[in-house]
There are 2 protein chains.
Amino acid sequence: MQKKLSAPTLRRLPRYYRIVCEYYERGEEYIRSCEIAGKLDVDETQVRKDIAAINYSGKPKIGFNIGEFKFHLENFLDLSRPKKAFLIGVGNLGLALAKYNGFSNYGLDIVALFDTDPQKIGLKVGEKEVFHVSEIVNKAKQDNIKIVVLAIPGEEAQKMANLVIEAGIKAIWNFAPVDIEVPGGIIVSNQDLAADFVVLSMKLNE
Amino acid sequence: MQKKLSAPTLRRLPRYYRIVCEYYERGEEYIRSCEIAGKLDVDETQVRKDIAAINYSGKPKIGFNIGEFKFHLENFLDLSRPKKAFLIGVGNLGLALAKYNGFSNYGLDIVALFDTDPQKIGLKVGEKEVFHVSEIVNKAKQDNIKIVVLAIPGEEAQKMANLVIEAGIKAIWNFAPVDIEVPGGIIVSNQDLAADFVVLSMKLNE
DNA sequence: TAGATTGTTAATCGATTAACAATC
DNA sequence: TAGATTGTTAATCGATTAACAATC
């Protein structure tokens, strides 16, 4: 938050956090940059630079204190403050995302689900109720929701994005297999699973 | 395949492909680099560089021929040759991945599913049968499978990865929320959805 | 032809890596 | 103290961007 991090650094931090949590659960007290580097296939200097970027520092010869480091990452990445979000599309993927409870460790709190299928309206997934998408604009304003997770078919994604943006949504996590276009000031992350597979598959062909 | 592309270029190519397919379906004949650039928020020079990297070229003043460009991308990214894969873990996420039929356009062909739940063994998801994971080593060798999609809980992921590597698997597309470590020569793509969310959430806080 | 767009070379920018001093 | 590991400065590397010539 304070200073702007480079995108590559920002992407590495959650991975550091995961390792730090592992160490934390195992009761370790310290971790060295070379241990992190080894696990993630990153240069150890890089790891120290990244850690410096979030204003934390270690102790020469000893490493980084797990408890402090974890706390710093949580603070910097704002993991402890839950960010309420709506999830649109209660198919298999939507259900998987709704049921996965690991997101709460990363600050994501899906509070309600939306679909168009009358059979699904009113159902409960854990504590989350399924509403009709026609209610989404009102509910988003009412609950002051800024984030939407889109797990609907590609054909409907852009239209739905337009709708929720009008409802005041500022960030869209898009799992539909299309690149959504949005006005300036709105954040979109196109998850693009198929594209990720292509990268994997090309590496395999090296 | 021929020359090695930079990772950023490789990641952009599937996105170009998606746009080219849209144009193709709309019956367009040509596309200009600035159109692609605008849609994807990439520099137009970058787009031309990337296209040059796959040995395709356009026509000054006109642009890139959709049919030719599409064909070149398919060839270069090897999209037309289906790559058989096993999917392990038939939960909601696994089901979503198994049912999604858009992967075939990107060369992924999930041919069988695996789980440990006796209730699920023998079920069919579309044309894909669910087998017990104990069969996976034999079946992988038998069908000469090189790719596995992992959609199982984090705690089991590393162990399963070790198992399938012994069975000759060369690439793992891992959706479990852990970073899997593998020996050299094995390709892993850790999908890490929570980490992606953190990046989105940090951008929102800018 | 004139103008628009490609292709390519050069310049910039920023991330990664290497070297090494600081320090516990 | 000696040695290991951090923190930081400098060097390298590579990706992106800018400039412009080529061309249809």
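In what follows, chains are A, B, ... by sequence order, proteins preceding strands, each numbered from 1. Computed over heavy atoms, backbone and side chain alike; hydrogens, waters and symmetry mates excluded.
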Kindly compute the distance separating CG (N65(B)) from OH (Y30(B)), expressed to the nearest 0.5 Å.
4.5 Å

Could you tabulate the donor-acceptor pairs under 3.5 Å formed by side-chain atoms of residues 102-116 of chain A, not counting sequence neighbours?
unit_1, atom_1, unit_2, atom_2, d
S104(A), OG, N101(A), O, 3.2
D115(A), OD1, D117(A), N, 3.0
D115(A), OD2, V90(A), N, 2.7

Atom pair distance, as rounded to whole Å: CG in L10(A) and P in dA15(C):
12 Å

Under-3.5 Å N/O pairs linking protein and nucleotides 11-14 of chain C:
none

Tell me which pairs pass salt bridge (charged side-chain N to carboxylate O under 4.0 Å, His left out) where either residue lies in residues 136-163 of chain A, with sequence neighbours left out.
none

Between E29(A) and Y23(A), does the side chain to side chain donor-acceptor pair (under 3.5 Å) criterion hold? Intermediate values first, please.
CA-CA 8 Å; E29(A) 218 176 331; Y23(A) 272 60; over 6 Å; no

Once you round to the nearest 0.5 Å, how far does CG of L97(B) lie from CG of L93(A)?
7.5 Å

Can you confirm if the aromatic rings of F69(A) and Y56(A) lie within a centre distance of less than 6.0 Å?
yes

Spacing of I31(A) atom CD1 and I66(A) atom CD1 [to the nearest 0.5 Å]
4.5 Å

Each nucleotide N or O in nucleotides 6-10 of chain D that has a protein N or O under 3.5 Å away: list the pair and distance.
unit_1, atom_1, unit_2, atom_2, d
dT6(D), OP1, S33(A), N, 2.9
dT6(D), OP2, S33(A), OG, 2.8
dT6(D), OP2, R48(A), NH1, 3.4
dG7(D), OP1, G58(A), N, 2.4
dG7(D), OP1, G58(A), O, 3.2
dG7(D), N7, R48(A), NE, 2.8
dG7(D), O6, R48(A), NH2, 2.9
dT9(D), O4, K49(A), NZ, 3.3

Pairing of DNA chain C as dot-bracket, 5' to 3': ( ) intra-strand, [ ] crossing, | other strand, . unpaired, with Watson-Crick or G-U pairs under 3.5 Å?
..||||||||||||||||||||||

Separation of D41(B) atom CG from dT17(D) atom C1', in whole Å?
14 Å

Atom OH of Y30(B) and atom C1' of dA4(C): how far apart are they, to the nearest Å?
15 Å

Correct closest heavy-atom pair for L150(B) and A157(B) would be CD1-O, 3.8 Å

We want to know whether Q158(A) and N162(A) form a side-chain donor-acceptor pair, criterion being a heavy-atom distance below 3.5 angstrom.
yes

Report, one line per pair, each donor and acceptor closer than 3.5 Å where one atom sits in a side chain of residues 176-198 of chain A; sequence neighbours left out.
unit_1, atom_1, unit_2, atom_2, d
D179(A), OD1, N190(A), ND2, 3.4
N190(A), OD1, N174(A), ND2, 2.8
N190(A), OD1, I180(A), N, 3.2
Q191(A), OE1, W173(A), NE1, 2.8
Q191(A), NE2, D196(B), OD2, 2.7
D192(A), OD1, R18(B), NH1, 2.8
D192(A), OD1, R18(B), NH2, 2.9
D192(A), OD2, R18(B), NH1, 3.4
D196(A), OD2, Q191(B), NE2, 2.8

